[in-house]
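The structure appears below as structure tokens.
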Amino acid sequence: MGDTGGHQQCPQCPPTGVDPMPRLALYALIVCVLAVAAAVVSFMEGSWLGIVWVLLAGLSSNMCWYYVKRGKQQKSVTG
């Protein structure tokens with residue numbers, strides 16, 4: 001009928017025992033990788049703007065770590 005909001009696997013997919021990474025953690029990881037790439041390019045061009053990219057990479061990596069840990073904690077509490 002409708003989406004209940006829970007995690008449902010497709011009937012054809014075998015159970016793996018591993019839940020996917022929480023969505024916000026995945027987004028933060030993508031931002032972190034892109035910020036590191038931008039910092040490398042910026043420093044290679046001789047611009048000190050790369051410092052801002054390094055700071056953004058640090059922030060997003062901490063966000064990724066937080067959301068992964070929170071997801072594991074919620075999973076252990078609920079089931």
Side-chain angles (χ1 to χ4, degrees):
M1 287 276 261
D3 186 17
T4 59
H7 176 68
Q8 299 174 356
Q9 291 183 345
C10 64
Q12 299 86 8
C13 300
T16 60
V18 177
D19 283 338
M21 183 183 287
R23 186 175 298 163
L24 288 175
L26 182 61
Y27 292 156
L29 181 63
I30 291 169
V31 169
C32 181
V33 170
L34 291 175
V36 168
V40 168
V41 170
S42 181
F43 283 130
M44 286 180 67
E45 291 181 352
S47 173
W48 287 98
L49 189 63
I51 293 172
V52 174
W53 292 114
V54 169
L55 293 174
L56 181 63
L59 175 69
S60 60
S61 70
N62 286 341
M63 288 174 59
C64 179
W65 182 258
Y66 170 77
Y67 286 123
V68 167
K69 289 292 187 181
R70 190 177 84 171
K72 286 182 181 179
Q73 183 182 25
Q74 285 179 348
K75 181 178 163 87
S76 67
V77 169
T78 59

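The shortest heavy-atom contact between Cys32 and Ala57 is SG-O, 3.5 Å. Across all non-hydrogen atoms, the minimal contact from Ala28 to Cys64 is CB-N, 3.7 Å.
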N/O donor to acceptor pairs below 3.5 angstrom from side-chain atoms of residues 43-56, sequence neighbours left out:
| residue | atom | partner | partner atom | Å |
| --- | --- | --- | --- | --- |
| Ser47 | OG | Leu49 | N | 3.1 |

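Leu29 and Val31 are members of different hydrophobic clusters when ILVMFWY side chains are connected at heavy-atom separations under 4.5 Å.
For the pair Tyr67 and Arg70, the minimum side-chain heavy-atom distance is below 4.5 Å.
Scored by the side-chain contact (heavy atoms from CB on, under 4.5 Å) test, Ile30 finds Leu26, Leu34 as partners (sequence neighbours excluded).
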